[in-house]
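Here the structure comes first, spelled out in structure tokens, and everything after it is commentary.
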Amino acid sequence: QVQLVESGGQLVQAGGSLRLSCAASGGTLYVMGWFRQAPGKEREFVATISRSGSYAYYADSVKGRFTISRDNAKNTVYLQMNSLKPEDTAVYYCASTLSSGVFTTTSHYNYWGQGTQVTVSS
């Protein structure tokens, strides 16, 4: 059973940067994704990365500002977030899927972390 633990969320001013981490234990990481959920909204896709790290795909809303990466030796996935905006405020979740491919919907992911809060003040 894979367990995912996110960290790095905090309060930051608009225009600032944060790096989120997602550490895994209990199994090998496959395709990984980051999602976020703002109050009163559905959980939405942010980014995904292939098992090797050679391919990444982003939501339009974060493209050019966020970068997903992974260190398989450390079983850790990262989300570097730059030029943060108040609308980026949400709980951020990492997720892992046992399938191969590019997945942007929550139903494709098998394991989830507990989330980390990111708050961007204006």
Side-chain angles (χ1 to χ4, degrees):
Q1 180 85 4
V2 173
Q3 292 186 323
L4 305 174
V5 179
E6 303 95 334
S7 62
Q10 62 182 55
L11 173 65
V12 64
Q13 287 191 332
S17 298
L18 279 178
R19 188 177 81 156
L20 306 183
S21 299
C22 173
S25 61
T28 303
L29 294 183
Y30 294 89
V31 170
M32 298 295 296
W34 282 97
F35 288 75
R36 65 187 182 186
Q37 188 166 18
K41 295 188 176 181
E42 299 212 346
R43 194 168 298 188
E44 65 173 6
F45 168 76
V46 175
T48 184
I49 189 167
S50 63
R51 184 176 180 181
S52 67
S54 61
Y55 180 80
Y57 181 77
Y58 300 89
D60 287 343
S61 59
V62 306
K63 201 173 295 182
R65 299 188 298 124
F66 291 10
T67 303
I68 188 172
S69 62
R70 65 192 297 162
D71 184 338
N72 288 339
K74 296 182 178 179
N75 250 10
T76 301
V77 177
Y78 305 97
L79 185 69
Q80 177 67 42
M81 306 187 295
N82 298 329
S83 302
L84 283 161
K85 305 175 182 180
E87 51 263 44
D88 294 319
T89 295
V91 177
Y92 283 71
Y93 299 88
C94 71
S96 175
T97 175
L98 299 176
S99 303
S100 296
V102 178
F103 304 110
T104 62
T105 57
T106 57
S107 60
H108 283 100
Y109 290 83
N110 307 100
Y111 304 104
W112 292 83
Q114 83 291 345
T116 185
Q117 176 71 48
V118 172
T119 303
V120 184
S121 64
S122 56

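Every value quoted in this text rests on a predicted model; they were computed, and no experiment measured them.
Between Tyr111 and Gln1, some side-chain heavy-atom pair lies under the 4.5 Å cut-off.
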Would you give me the side-chain donor-acceptor pairs under 3.5 Å for residues 37-46, sequence neighbours excluded?
from	atom 1	to	atom 2	distance (Å)
Gln37	OE1	Arg43	NE	3.3
Gln37	OE1	Arg43	NH2	3.4
Gln37	NE2	Lys41	O	3.1
Glu44	OE2	Arg36	NE	2.6
Glu44	OE2	Arg36	NH2	3.2

Pairs of donor and acceptor atoms involving the side chains of residues 8-26, under 3.5 Å and at least two apart or interchain, shall be tabulated with distances.
from	atom 1	to	atom 2	distance (Å)
Ser17	OG	Asn82	OD1	2.9

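Sorted by first and then second residue, the salt bridge (charged side-chain N to carboxylate O under 4.0 Å, His left out) pairs involving residues 68-79 (not counting sequence neighbours) form an empty list. Each disulfide bond (SG atoms under 2.5 Å apart) pair with one or both residues in residues 32-62, not counting sequence neighbours, would appear here, but there are none.
By the rule that hydrophobic residues join a cluster once side-chain heavy atoms approach within less than 4.5 Å of another member, Trp34 and Val62 end up as members of one cluster. Residues Val77 and Leu98 share a hydrophobic cluster, clusters being chains of Ile/Leu/Val/Met/Phe/Trp/Tyr side chains in contact below 4.5 Å. In the hydrophobic cluster analysis, where Ile, Leu, Val, Met, Phe, Trp and Tyr join through side-chain heavy atoms closer than 4.5 angstrom, Val118 is grouped apart from Tyr93. By the criterion of side-chain heavy atoms lying less than 4.5 angstrom apart, applied directly or through intervening Ile, Leu, Val, Met, Phe, Trp or Tyr residues, Phe103 is grouped together with Phe35 in one hydrophobic cluster. Linking Ile, Leu, Val, Met, Phe, Trp and Tyr residues whenever their side-chain heavy atoms come within less than 4.5 Å leaves Tyr57 and Ile49 in two separate clusters.
Shortest non-hydrogen contact noted between Thr67 and Tyr58 is CA-OH, 3.4 Å. Between Ser50 and Val31, the shortest heavy-atom distance links the atoms CA-CG2, 4.5 Å.
Note that the OG1 atom of Thr116 and the OH atom of Tyr92 stand 10.5 Å from one another [nearest 0.5 Å]. Atoms OG and CG, from Ser96 and Asn75 in turn, are 9.5 Å apart once rounded to the nearest 0.5 Å. Residue Ser69 holds its OG atom at 11.5 Å from CE of Met32, rounded to the nearest 0.5 Å. Going from atom CD1 of Ile68 over to atom SG of Cys94 covers 9.0 Å, rounded to the nearest 0.5 Å.
Applying the ring pair (Phe, Tyr, Trp, His ring centres under 6.0 Å) test to Tyr78 and every residue at least two apart in sequence or in another chain returns nothing. Annotation: salt bridge (Lys or Arg N to Asp or Glu O under 4.0 Å) contacts of Arg65 (sequence neighbours excluded): Asp88.
Counted by atom type alone, Thr119 and Gln117 present one or more donor-acceptor pairs between their side chains at under 3.5 Å. At a cut-off of 3.5 Å, with distance as the only test, a side-chain donor of Thr48 or Tyr109 sits close to an acceptor on the other residue.
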With side-chain contact (heavy atoms from CB on, under 4.5 Å) as the test, would you mind laying out the steps for Leu4 and Gln114 before giving the verdict? CA-CA 8 Å; Leu4 305 174; Gln114 83 291 345; over 6 Å; no

